[in-house]
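Contents: one structure, followed by commentary.
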Amino acid sequence: MNEPHTSEAKPLDFIRQIVARDRESGKHPAPITRFPPEPNGFLHIGHAKSICLNFGIAGEFQGRCHLRFDDTNPTKEEEAYVTSIKEDVRWLGFDWGEHLYFASDYFEQLYQFAEQLIEQGNAYVCDLSAEQIRQLRGTLTEPGTNSPYRDRPVSENLDLFRRMRAGEFDDGSRVLRAKIDMGSPVVLMRDPVLYRILRAHHHRTGDRWCIYPMYDFTHCLSDMLESITHSLCTLEFQDNRALYDWVLDTLHTPIHPRQYEFARLNLSYTVMSKRKLRLLIENGLVDGWDDPRMLTISGLRRRGYTPRAIRGFCEEIGVGKKQSWIDMGVLENAVRNDLNEHAPRAMAVLKPLTVIIDNYPDDQVEMVTAANHPKRPELGNRELPFSREILIEQDDFMEDPPAKFFRLGPGREVRLRYGYNITCTGYEKDPETGEISVVHCTYDPASKGGTPEGRKVKGVIHWLSAAHARPCAVVLYDRLFMEEDPESDKETEFTEHLNPDSRRLLQGCYMEPALADLPIGKPVQFERQGYFCKDQRQEDPLAPLFNRTVTLRDSWAKLSQK
RNA sequence: UGGGGCGUAGCCAAGUGGCUAAGGCACCGGGUUUUGAUCCCGGCAUCCGUAGGUUCGAAUCCUACCGCCCCAGCCA
């Protein structure tokens with residue numbers, strides 16, 4: 001990670017400007033940030049933005065970034081999510097070193113701070129029910145009403161709170177509240193709940209506690225205990241900052257981290273909230289958190305996205321305070337950019353059509369040399385078998401092609417990538433189905449190294465020697481939703497906008513032999529088609545399954561639409 | 001009718017009183033090309049939510065208005 005520079009570099013976003021200013025003023029020579037996920041689901045692309053921001057700043061400014069699990073609600077959190085989150089952050093390329101923390105490790109200290117608040121007269125035990133508290137809270141335009149328990153003496157509050165901890169009261173029967181201002185225009189400041197009684201098994205503290213601290217009380221103190229300098233969160237927490245500061249100010253903590261808010265990531269053609277992602281899973285609309293159509297980190301990984309592509313995407317979209325909608329195309333473009341540079345090329349035929357080269361010797365097989373990457377010779381070459389009968393893509397032949405179609409058709413000549421030029425001499429149809437079954441061609445022996453001088457052949461198509469091709473299967477993924485904003489219409493459930501063609505399984509595909517040894521997850525470009533990788537699930541050992549990460553840009557598809 | 005934020009091209013996003021308003025994506029032209037890919041070149045806001053005002057000079061300062069987002073969980 002590099003130092004952010006002053007001249008001619010990318011301009012700093014507003015948070016990095018603050019960090020830079022704090023460093024220059026000597027206030028914080030090295031920033032300490034944190035990524036604070038709640039372990040209640042898998043990480044998604046929106047989290048990646050936050051991860052890249054927090055860890056990115058730490059790297060660029062020689063600070064550090066903590067990974068802290070915000071695990072204060074045992075009813076929703078699980079160890080399995082802790083595991084997956086750690087894996088995903090690491091996979092994205094970030095390292096928290098020794099700095100792995102859990103808010104639950106602070107429970108005892110947090111409890112002591114709560115007692116301090118009580119002793120100072122800044123918190124009280126309230127016996128109102130959740131419903132009563134809600135009623136007395138007021139509305140956005142009307143102030144709230146003081147709880148009848150608001151003026152309990154300190155000694156009684158302390159006694160009650162200790163008994164809450166000791167388990168003497170039922171769940172929900174009492175809470176600890178901050179004594180702030182029921183008339184505050186900021187609803188959050190109307191004596192917010194700090195602790196609730198909850199008998200739930202916690203994934204780390206087990207049954208040691210039956211009271212659990214709330215987010216607003218926990219987060220600021222956790223930041224303080226870890227000496228966080230810049231506490232970065234999303235826009236919807238802007239109001240919470242008042243409470244964040246109130247807790248630290250009232251407790252007179254020696255350290256007071258500052259909270260800054262940035263806009264969360266919204267992407268078109270998808271949903272981002274964990275709640276909705278979970279709904280898709282629970283209703284069987286996708287296969288799980290790592291379904292390649294999901295924009296979870298694990299889904300993207302399985303789909304073939306690389307950490308570099310995701311980081312590049314996060315860098316490209318920037319960080320600001322304006323609620324923004326990034327087009328899905330920007331994400332897709334980010335993988336294309338990365339994979340174009342790094343993925344080796346190979347050939348595969350997804351919908352095969354047999355071509356017989358009539359003037360090629362029946363029993364002959366020769367090897368042709370193909371580059372693994374057109375711009376990176378250091379990635380080497382491979383040898384491909386060529387023979388009389390080959391397989392091409394059905395889409396690369398038309399009986400009656402328009403002039404702009406640069407591929408095969410009666411009488412037309414094309415170049416076989418890395419092979420020969422062939423000219424179509426005829427074709428056969430299946431008498432039953434009427435589908436084209438075989439295309440006949442002749443090849444030009446003089447065209448092996450390239451199209452001979454003076455002749456211009458515009459079209460280049462991919463192919464496979466029929467006798468040498470190996471079977472494979474491919475899953476073509478497309479956007480999960482058909483609507484740009486699946487959540488826009490309040491009347492319709494977002495799941496009704498699911499794209500029925502978001503996943504298409506293609507069987508009976510063929511690939512070049514060397515692909516049999518390609519490791520799972522390693523990206524490869526199928527020339528002229530897109531980027532693919534072997535799926536982690538391989539049920540048929542004789543026909544590996546590939547996931548399509550993203551298509552290549554296709555200006556012909558665009559043209560032919562017109 | 002409360003509070004907190006935000007408004008620069010189709011989408012992001014620089015700009016923090018003074019040359020013709022960065023850059024990216026998308027889009028449109030053209031060139032190169034054994035991937036209709038990549039790459040390269042060119043085009044793309046007389047204008048910065050609107051209306052006034054301050055100033056020699058404003059997207060940048062002031063005023064008013066308009067629009068959008070968030071907040072009434074014992075979720076985070």
Side-chain angles (χ1 to χ4, degrees), chain A residues 10-13 17 36-38 40 70-73 75-77 126 128-131 133-135 137-144 171-177 184-190 192-198 211-212 214-216 218-219 233-242 261 263 268 274-275 315-327 329-330 333-334 336-337 340-341 345 347 370-371 373-375 404-407 414-419 421 447 449-451 457-462 525-530 551-560:
Chain A
K10 240 191 122 176
L12 301 182
D13 57 69
Q17 284 179 26
E38 181 188 12
N40 67 344
D70 221 334
D71 54 350
T72 59
N73 186 354
T75 62
K76 293 185 175 172
E77 297 149 6
C126 182
L128 258 23
S129 68
E131 172 65 14
I133 286 179
R134 190 167 62 78
Q135 282 168 355
R137 188 146 34 215
T139 68
L140 295 180
T141 51
E142 298 159 326
D171 285 14
S173 62
R174 282 176 231 261
V175 292
L176 181 72
R177 290 228 255 170
S184 172
V186 180
V187 180
L188 198 70
M189 296 297 269
R190 320 235 260 230
V193 172
L194 266 22
Y195 268 88
R196 75 280 214 186
I197 303 173
L198 194 61
I211 57 172
Y212 290 94
M214 301 290 288
Y215 165 83
D216 287 297
T218 307
H219 204 85
C233 62
T234 44
L235 252 29
E236 64 270 28
F237 289 98
Q238 286 175 121
D239 285 347
N240 297 249
R241 191 174 65 237
E261 310 87 13
S268 61
K274 277 193 260 188
R275 207 199 109 243
E315 198 173 308
E316 190 181 340
I317 59 174
V319 177
K321 297 192 76 155
K322 184 171 69 174
Q323 33 59 272
S324 61
W325 282 88
I326 307 292
D327 195 278
V330 177
N333 194 59
R336 286 194 188 100
N337 275 341
N340 174 51
E341 192 181 336
R345 317 281 126 127
M347 292 201 282
H373 191 110
K375 301 225 165 136
K404 288 270 181 92
F405 186 78
F406 305 142
R407 308 176 191 179
V414 294
R415 171 140 207 98
L416 294 176
R417 179 91 161 140
Y418 298 120
N421 285 18
S447 66
T451 302
V457 173
K458 183 88 174 162
V460 178
I461 66 174
H462 59 278
Q525 182 194 102
F526 289 170
E527 293 216 32
R528 303 208 306 132
Q529 308 196 85
T551 62
L552 250 35
R553 273 200 201 82
D554 188 353
S555 54
W556 164 246
K558 232 185 268 176
L559 224 184
S560 60

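Worth knowing before you read on, the calculation uses all heavy atoms, side chains too, and leaves out hydrogens, waters and symmetry mates. Reminder, nothing fancy here: chain letters follow the sequence lines and each chain counts from 1.
Residue A/Trp325 contributes atom CH2, which lies 18 Å from atom C1' of B/rC25 at whole-angstrom precision. Rounded to whole Å, atom C1' of B/rG67 lies 11 Å from atom CD of A/Gln323. Separating the CE atom of A/Met189 from the C1' atom of B/rG2 is a distance of 15 Å, rounded to the nearest angstrom. When rounded to the nearest whole Å, the span between CG of A/Leu235 and P of B/rC6 equals 8 Å. Rounded to whole angstrom, the span from the NZ atom of A/Lys458 across to the P atom of B/rA37 amounts to 9 Å. Put simply, CZ on A/Arg241 is 16 Å from P on B/rC71, counting in whole angstrom units.
Taken from CG in A/Leu235 to CD in A/Gln323, the straight-line distance is 8.5 Å, to the nearest 0.5 Å. Taken to the nearest 0.5 Å, the CG atom of A/Leu416 stands 7.5 Å off from the CG atom of A/Asn421.
At the heavy-atom level, A/Asp239 lies under 4.0 Å from base atoms of the strands shown. In this structure, A/Phe405 reaches the bases: a heavy-atom distance under 4.0 Å links it to at least one base atom across the strands shown. Looking at heavy-atom distances under 4.0 Å, A/Gly449 makes contact with a base. Using a 4.0 Å heavy-atom distance criterion, A/Glu142 is classed as making no nucleic acid contact.
In this structure, A/Lys76 does not pair ionically with A/Glu38, as no charged nitrogen and carboxylate oxygen lie closer than 4.0 Å.
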Within the 4.0 Å limit for protein heavy atoms, which parts of nucleotides 13-21 of chain B are touched? Write it as a string from 5' to 3', B for base, S for sugar-phosphate only, - for none. SSSB-----
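Looking at A/His462 and A/Gln529, their side chains come closer than 4.5 Å, going by heavy atoms from C-beta outward.
Residue-to-nucleotide contacts include a donor-acceptor pair under 3.5 Å from the side chain of A/Arg415 to the base of B/rU34. Contact annotation: side chain of A/Gln525 to base of B/rU35, donor-acceptor pair present below 3.5 Å. Taking only distance into account, the side chain of A/Arg407 meets the base of B/rG36 through a donor-acceptor pair shorter than 3.5 Å.
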Please evaluate residues A/Thr551 and A/Arg336 with respect to the criterion side-chain contact (heavy atoms from CB on, under 4.5 Å), reporting the C-alpha separation (whole Å), side-chain torsions for both, the decisive distance (0.1 Å), and the verdict. CA-CA 8 Å; A/Thr551 62; A/Arg336 286 194 188 100; 3.5 Å; yes
CA sep, side-chain torsions, deciding dist, call: A/Arg196, A/Asn73, side-chain contact (heavy atoms from CB on, under 4.5 Å): CA-CA 10 Å; A/Arg196 75 280 214 186; A/Asn73 186 354; 3.7 Å; yes
Audit row: A/Gln238, A/Lys321, side-chain contact (heavy atoms from CB on, under 4.5 Å) steps and yes/no: CA-CA 11 Å; A/Gln238 286 175 121; A/Lys321 297 192 76 155; 3.7 Å; yes
Full working for side-chain contact (heavy atoms from CB on, under 4.5 Å) between A/Ile133 and A/Val175: CA-CA 10 Å; A/Ile133 286 179; A/Val175 292; 3.9 Å; yes
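Residues passing the side chain to side chain donor-acceptor pair (under 3.5 Å) test with A/Gln135 are A/Glu131, sequence neighbours excluded. By the ring-ring contact (aromatic ring centres under 6.0 Å, His included) test, A/Phe405 is found to be paired with A/Trp556, residues two or more places apart in sequence or in another chain being considered.
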Measure all distances between protein nitrogen or oxygen atoms and nitrogen or oxygen atoms of nucleotides 73-76 of chain B, and list the pairs falling under 3.5 Å.
from, atom 1, to, atom 2, distance (Å)
B/rG73, OP2, A/Arg137, NH2, 3.2
B/rC74, OP1, A/Arg137, NH2, 3.2
B/rC74, OP2, A/Arg137, NH1, 3.2
B/rC74, N3, A/Gly172, O, 3.2
B/rC74, N4, A/Leu128, O, 2.9
B/rC74, N4, A/Ala130, N, 3.0
B/rC74, N4, A/Gly172, O, 3.0
B/rC75, OP2, A/Arg196, NE, 3.2
B/rC75, OP2, A/Arg196, NH2, 3.0
B/rC75, O3', A/Arg196, NH2, 3.4
B/rC75, O2', A/Asn73, ND2, 3.0
B/rA76, OP1, A/Thr72, OG1, 2.6
B/rA76, OP1, A/Arg196, NH1, 3.4
B/rA76, OP1, A/Arg196, NH2, 3.1
B/rA76, OP2, A/Tyr215, N, 3.0
B/rA76, O3', A/Asp70, OD2, 3.3

Give each protein N/O atom lying under 3.5 Å from an N/O atom of nucleotides 39-44 of chain B, with the pair distance.
from, atom 1, to, atom 2, distance (Å)
B/rC39, O4', A/Lys375, NZ, 3.1

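Map A/Arg417 and A/Asn333 each onto its nearest nucleotide of RNA chain B; the residue landing nearer the 5' end is A/Asn333.
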Would you sketch RNA chain B in dot-bracket for me? Only Watson-Crick or G-U wobble pairs with both distances under 3.5 Å count, crossing pairs as [ ], other-strand pairs as |, the rest as dots. .(((((((.[[[..)..(....]]].(((((.......))))).....[[[[[..)....]]]]])))))).....
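Taking every side-chain heavy atom of A/Pro374 into account, B/rA37 is the closest of B/rA72, B/rA37, B/rG36.
The side chain of A/Arg528 contributes an N or O atom lying less than 4.0 Å from OP1 or OP2 of B/rG36.
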